[in-house]
Number of protein chains: 2
Amino acid sequence: MKSTASTSEKILDIAQSLIVAGGYNGFSYADISAAIGIRKASIHHHFPAKAELVAVLVDRYTRQAQAGLQSLREQAASPADQLQFYIDYWRSCIENASQPFCVCAMLASEMQMLPDEVASRVRAHFQGLAAWLTSVLQAGVEQGLFRLDKRPEEQAQMLMASVHGAMLSARALGDPGLFIAVVGPEIAMLRAA
Amino acid sequence: MKSTASTSEKILDIAQSLIVAGGYNGFSYADISAAIGIRKASIHHHFPAKAELVAVLVDRYTRQAQAGLQSLREQAASPADQLQFYIDYWRSCIENASQPFCVCAMLASEMQMLPDEVASRVRAHFQGLAAWLTSVLQAGVEQGLFRLDKRPEEQAQMLMASVHGAMLSARALGDPGLFIAVVGPEIAMLRAA
DNA sequence: CACTGCCTTCCTACTAGTAGGTAGACAAAA
DNA sequence: TTTTGTCTACCTACTAGTAGGAAGGCAGTG
């Protein structure tokens with residue numbers, strides 16, 4: 001089962017796991033170099049500048065996320081299920097301590113000192129996610145599954161903040177159960193009585 | 001209105017605002033040096049190592065926070081008010097965009113790569129805060145003000161995660177209103193009907 | 001077929017600048 | 001006089017980034 005990923009993809013994979021662990025300033029080209037056995041200069045060949053590397057990385061991440069959300073909307077029967085699958089995805093990531101922690105949740109906390117080209121992409125990711133959540137909530141309301149206190153856009157923002165906040169808290173305190181303890185009641189409240 | 005703070009305190013003040021903006025790896029002795037007009041070496045006189053500086057900083061922050069929470073418990077009449085004042089403190093900080101963003105919320109997201117002496121202190125801060133929240137919730141239950149779904153310890157952890165998560169989200173998305181939108185319903189739910 | 005030239009990928013070797021940290025001199029205060 | 005705080009001057013390790021070349025694949029051309 002050899003790795004068939006291209007070098008650029010391997011670089012992005014390693015960079016992503018390093019960012020998830022330590023943020024934008026928490027890794028260097030030397031770290032990537034050591035991790036995949038390639039010289040620093042070769043990384044610069046693929047990604048001339050660090051900001052560009054991370055920008056491409058966030059683009060890739062957003063693309064994957066959007067594809068996942070899209071297929072979720074096509075496969076899951078009801079808006080309630082779609083929302084539940086979304087939450088469950090992160091819950092299992094956190095419980096298994098599997099790396100795919102949300103790279104944008106991490107970068108978001110460093111927003112203030114991110115290069116513009118990165119910061120704008122992180123914001124774009126959140127916009128895309130909020131749009132998906134909004135449409136799911138909207139559909140749920142129309143089908144009589146959800147009952148919202150506020151406008152779907154606002155409710156989507158709140159849900160997103162809860163999910164990412166809970167994700168950070170659960171990891172920081174080393175208590176995976178915290179994620180579902182925070183997010184669970186939040187989505188339970190959306191359900192129509 | 002001259003500053004009467006000692007050099008060490010000025011160093012800690014600047015360091016704190018720098019950490020809040022960019023995290024542990026987001027600032028250097030040179031940054032502090034430039035900000036308060038003192039040489040790098042002089043900072044090393046006060047704080048030999050960076051990890052030590054931040055450890056002292058977190059200690060100071062925790063001490064201040066505990067003092068604030070203590071006086072809150074003495075002054076505010078009911079547990080419900082105490083909780084409300086706590087939330088309001090952060091809400092006003094975020095809405096005024098005044099710097100006193102929680103330095104531990106920031107450091108928590110970098111937990112994995114913090115020096116041990118810093119990480120343990122950040123955890124200690126959260127433990128202390130959780131203890132305060134637990135006792136407030138407990139008192140509220142005894143006075144018939146709150147009705148909790150879970151044990152007070154758990155509920156306190158959840159509340160803490162929500163507050164810090166909402167804080168990070170509100171700042172990242174540049175939407176201060178998000179803080180109260182996320183935290184508000186959370187505490188409303190605690191209230192006995 | 002061989003030859004040429006281009007392109008991709010990776011390399012060694014380097015740069016300028018910054019990181020955290022140290023040694024020792026000096027002045028003022030205790 | 002010892003202590004405290006600051007300085008200049010320096011160190012080593014590491015940062016992102018560059019220059020230039022070697023090796024191989026892959027056209028197209030004779």
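Keep in mind that this is a model prediction, so the values were computed, not measured. So that the names make sense, note that chain A is the first sequence line, chain B the second, and so on, each numbered from 1.
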Students often get this wrong, so: under 4.0 angstrom with heavy atoms, is A:Ala41 touching a base, only sugar-phosphate, or nothing? base

Among A:Asp81, A:Val163, A:Val136, find the residue that satisfies the side-chain contact (heavy atoms from CB on, under 4.5 Å) test when tested with A:Tyr86. A:Val163

Side-chain N or O of B:His45 versus OP1/OP2 of D:dG5: is the shortest distance under 4.0 Å? yes

Check for a donor-acceptor pair, side chain of A:Lys50 on one end and backbone N or O of A:Tyr24 on the other, with a separation under 3.5 Å. yes

Between which nucleotides of DNA chain C, 5' to 3', does chain B make heavy-atom contacts below 4.0 Å? C:dA19 to C:dA23

Criterion side chain to side chain donor-acceptor pair (under 3.5 Å) against A:Glu153, the qualifying member of A:Lys150, A:Gln155, A:Arg151: A:Arg151

Donor-acceptor side-chain pairing of B:Gln66 and B:Gln70 below 3.5 angstrom: no

Phosphate contact (D:dG5 OP1 or OP2) by B:Thr7 side-chain N/O below 4.0 Å: no

Return the orientation label for the B:His164 and B:Phe126 ring planes: parallel under 30°, perpendicular over 60°, tilted otherwise. perpendicular

Please compare A:Tyr29 and B:Ser8 by the position of their nearest nucleotide in DNA chain D and report the one closer to 5'. B:Ser8

For A:Ser28, report the nucleic acid contact type (base, sugar-phosphate, nothing); a contact means any heavy atom under 4.0 Å. sugar-phosphate

Pick base, sugar-phosphate or nothing for B:Phe27, based on heavy-atom distances below 4.0 Å to the nucleic acid. sugar-phosphate

Grouping I, L, V, M, F, W and Y whenever their side-chain heavy atoms are under 4.5 Å apart, do B:Met113 and B:Ile19 come out in a common cluster? yes

